[in-house]
Amino acid sequence: METLSAFPSPPWPNPDPNPPPAVADSERFDSDSVSSEPPQLPPQLPQTVETTVSSTAVEPPASQPSLLHISFNQDHGCFAAGTDRGFRIYNCDPFREIFRRDFDRGGGIGVVEMLFRCNILALVGGGPDPQYPCNKVMIWDDHQSRCIGELSFRSAVRGVRLQRDRIIVILEQKVFVYNFADLKLLHQIETIANPKGLCAVSQLSTSLVLVCPGLQKGQVRVEHYASRRTKFIMAHDSRIACFALTTNGQLLATASTKGTLVRIFNTVDGNLLQEVRRGADRAEIYSLAFSSTAQWLAVSSDKGTVHVFSLKVNSGSLGNDMSHQNDSSLSVAPSGSSFSFIKGVLPKYFKSEWSVAQFRLHEGSQYVVAFGHQKNTVVILGMDGSFYRCQFDSVNGGEMTQLEYHNFLMPEEAF
């Protein structure tokens, strides 16, 4: 799952007018993790959010808010937007706003993370007037319209990832893994500087695979919690800019700050399975996304084009538990190229696999991409409030067809 956020917020300017009860420091692995307040009502999952638009705490002004953060939920069926006034939740297909929460004072939300379609969200303050401190993760229950727990740290939170029974918090150089029910700290990982809060987690209920930057430039660390194994992969020579996992955690796609190549790895043994080329010029990769079957990979960058690549990796059923599969279950299918007999002679540039489908956007804008629930569709979200749903031709490729466009920051009645 991918997220986009605006620049980090300034230090927390104002104390919460209604602070939660004081909590005592609990046992911690490191001083960066300060304290936690367990949820007063542990989340029972899944609980479905209301599918009708709910009324907001305060009537929103007519002008558009400033967008601070966008992210898809785990199955890419919904997305969340953090603004300088609060947060909003949207359905992708059909497109509609599900609900919004605009706060009366402050209101800036720099991170909002969904847990599938349940009522529990993770919030972090952001923007010039944040609703919460930027060093706290607030557990929000939208059924109660209030926070039911929090995690506090000594430095700013860069990102949050949720799994059904885990909360993962990403700081500049650390990753913390907590138990969801009681917010007990289970694991701490040290990383290289990670200002983007890069982290990816699998979503199988039977096991957890977590990927984060390693301690070296270009390195990723893979934690297999079911088998208690750690794998380090030297993915690139340059720093890691973006990565994504399949739902079951078997496949990992990575891109570096150079932004020309995307590499696909087997997370169990670290083997490189495939390499695809976005372009020849340097680019900043904003997001990577696998299709649900791992047949396709989508890539967005600052060049203004979303690319879809065909993957030749035979990963089997993505619903299977990794702990019961052999390392050899992941392999590369033959490419069938008529030029394979001279592949050792051609420069690497000409041997690269290029995208089969493309969609042109405004160059320089930030976009995050995911595959839609309808066959061969891609959903694109922009930090300018744009929502696109496109379709690609899986046989002939070429330019994608735009099926739908919305500005999701427009007033509610405009949908």
Side-chain angles (χ1 to χ4, degrees), residues 1-9 60-73 76-102 107-114 124-130 159 195-197 241-242 255 259 278-279 283-289 298-308 358-372 377-391 399-415:
M1 178 181 61
E2 295 297 337
T3 65
L4 285 181
S5 299
F7 293 106
S9 61
S63 61
Q64 291 188 17
S66 296
L67 189 58
L68 303 177
H69 171 94
I70 46 175
S71 62
F72 286 99
N73 73 338
H76 303 151
C78 296
F79 69 94
T83 74
D84 58 351
R85 300 172 190 169
F87 64 91
R88 305 176 182 188
I89 306 297
Y90 300 85
N91 193 71
C92 290
D93 189 14
F95 173 81
R96 71 174 184 273
E97 181 179 306
I98 300 177
F99 67 84
R100 66 171 67 183
R101 297 289 176 257
D102 287 341
I109 298 295
V111 174
V112 51
E113 185 76 5
M114 299 180 67
V124 180
D129 194 6
K196 290 184 177 180
C242 191
R278 180 212 55 80
E284 183 177 358
I285 303 295
Y286 290 135
S287 72
L288 302 169
V299 181
S300 66
S301 73
D302 64 349
K303 293 299 184 181
T305 302
V306 170
H307 295 269
V308 172
Q358 308 82 32
F359 185 74
R360 314 292 174 179
L361 297 156
H362 298 295
E363 186 171 346
S365 298
Q366 297 185 48
Y367 298 94
V368 61
V369 63
F371 285 89
T377 59
V378 173
V379 177
I380 305 166
L381 308 176
M383 286 296 286
D384 57 358
S386 57
F387 173 97
Y388 295 90
R389 194 161 59 86
C390 311
Q391 189 167 43
E399 293 292 327
M400 295 189 225
T401 302
Q402 180 178 313
L403 302 177
E404 196 172 359
Y405 170 81
H406 300 279
N407 181 343
F408 60 82
L409 294 179
M410 291 290 288
E412 195 175 322
E413 57 271 14
F415 298 145

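- For the pair L403 and T377, the minimum side-chain heavy-atom distance is below 4.5 Å.
- Partner of R389 under the side chain to side chain donor-acceptor pair (under 3.5 Å) criterion, chosen from Q402, H406, E404: E404.
- Rounded to the nearest 0.5 Å, atoms CE (M383) and CD (Q366) are 6.0 Å apart.
- The CZ atom of F87 sits 10.0 Å away from the CE atom of M114 when rounded to the nearest 0.5 Å.
- Within the 4.5 Å cutoff, the side chain of F387 has heavy atoms near those of the F95 side chain.
- Counting heavy atoms from C-beta outward, Q358 and M400 have side chains that stay 4.5 Å or more apart.
- Among all heavy-atom pairs drawn from V379 and G372, the shortest one is CG2-CA, 4.1 Å.
- None of T305, V378, V306, L288 except one satisfies the side chain to side chain contact (heavy atoms under 4.5 Å, CB included) rule with S300; the exception is V306.
- The shortest heavy-atom contact between Y286 and S365 is CE1-O, 3.3 Å.
- With salt bridges taken as basic N to acidic carboxylate O contacts below 4.0 Å, none links E284 and K303.
- For A81, the side-chain contact (heavy atoms from CB on, under 4.5 Å) test picks out L67, I70, Y90, F408, with sequence neighbours left out.
- Considering only heavy atoms from C-beta on, I380 comes within 4.5 Å of L361 through its side chain.
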May I have the step-by-step check of side chain to side chain contact (heavy atoms under 4.5 Å, CB included) for D84 and D129, ending in yes or no? CA-CA 7 Å; D84 58 351; D129 194 6; over 6 Å; no
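- A heavy-atom distance below 4.5 Å is not found between the side chains of F79 and S71.
- By the 4.5 Å heavy-atom criterion applied to side chains, R278 and I285 are counted as neighbours.
- Counting heavy atoms from C-beta outward, I98 and C78 have side chains that approach closer than 4.5 Å.
- Under a 3.5 Å cut-off, the side chain of H69 and the backbone N or O of V112 do form a donor-acceptor pair.
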I'd like to know whether R88 forms a side chain to side chain contact (heavy atoms under 4.5 Å, CB included) with R101, so could you lay out the CA-CA distance, the side-chain angles of the two residues, the decisive distance to 0.1 Å, and finally the verdict. CA-CA 6 Å; R88 305 176 182 188; R101 297 289 176 257; over 6 Å; no
Start with the C-alpha distance between L68 and T83, add both sets of side-chain angles, then the distance that settles side chain to side chain contact (heavy atoms under 4.5 Å, CB included), and finish with yes or no. CA-CA 5 Å; L68 303 177; T83 74; 5.6 Å; no
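- Listed here is the closest heavy atom pair of N407 and Q64: ND2-NE2, 3.4 Å.
- Across all their heavy atoms, V369 and F72 have their closest contact at C-CE1, 3.8 Å.
- No side-chain heavy atom of S301 sits less than 4.5 Å from a side-chain heavy atom of Y367.
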With side chain to side chain contact (heavy atoms under 4.5 Å, CB included) as the test, would you mind laying out the steps for R100 and I89 before giving the verdict? CA-CA 6 Å; R100 66 171 67 183; I89 306 297; over 6 Å; no
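- Annotation: F359 is in aromatic contact with Y388 [ring centroid separation under 6.0 Å].
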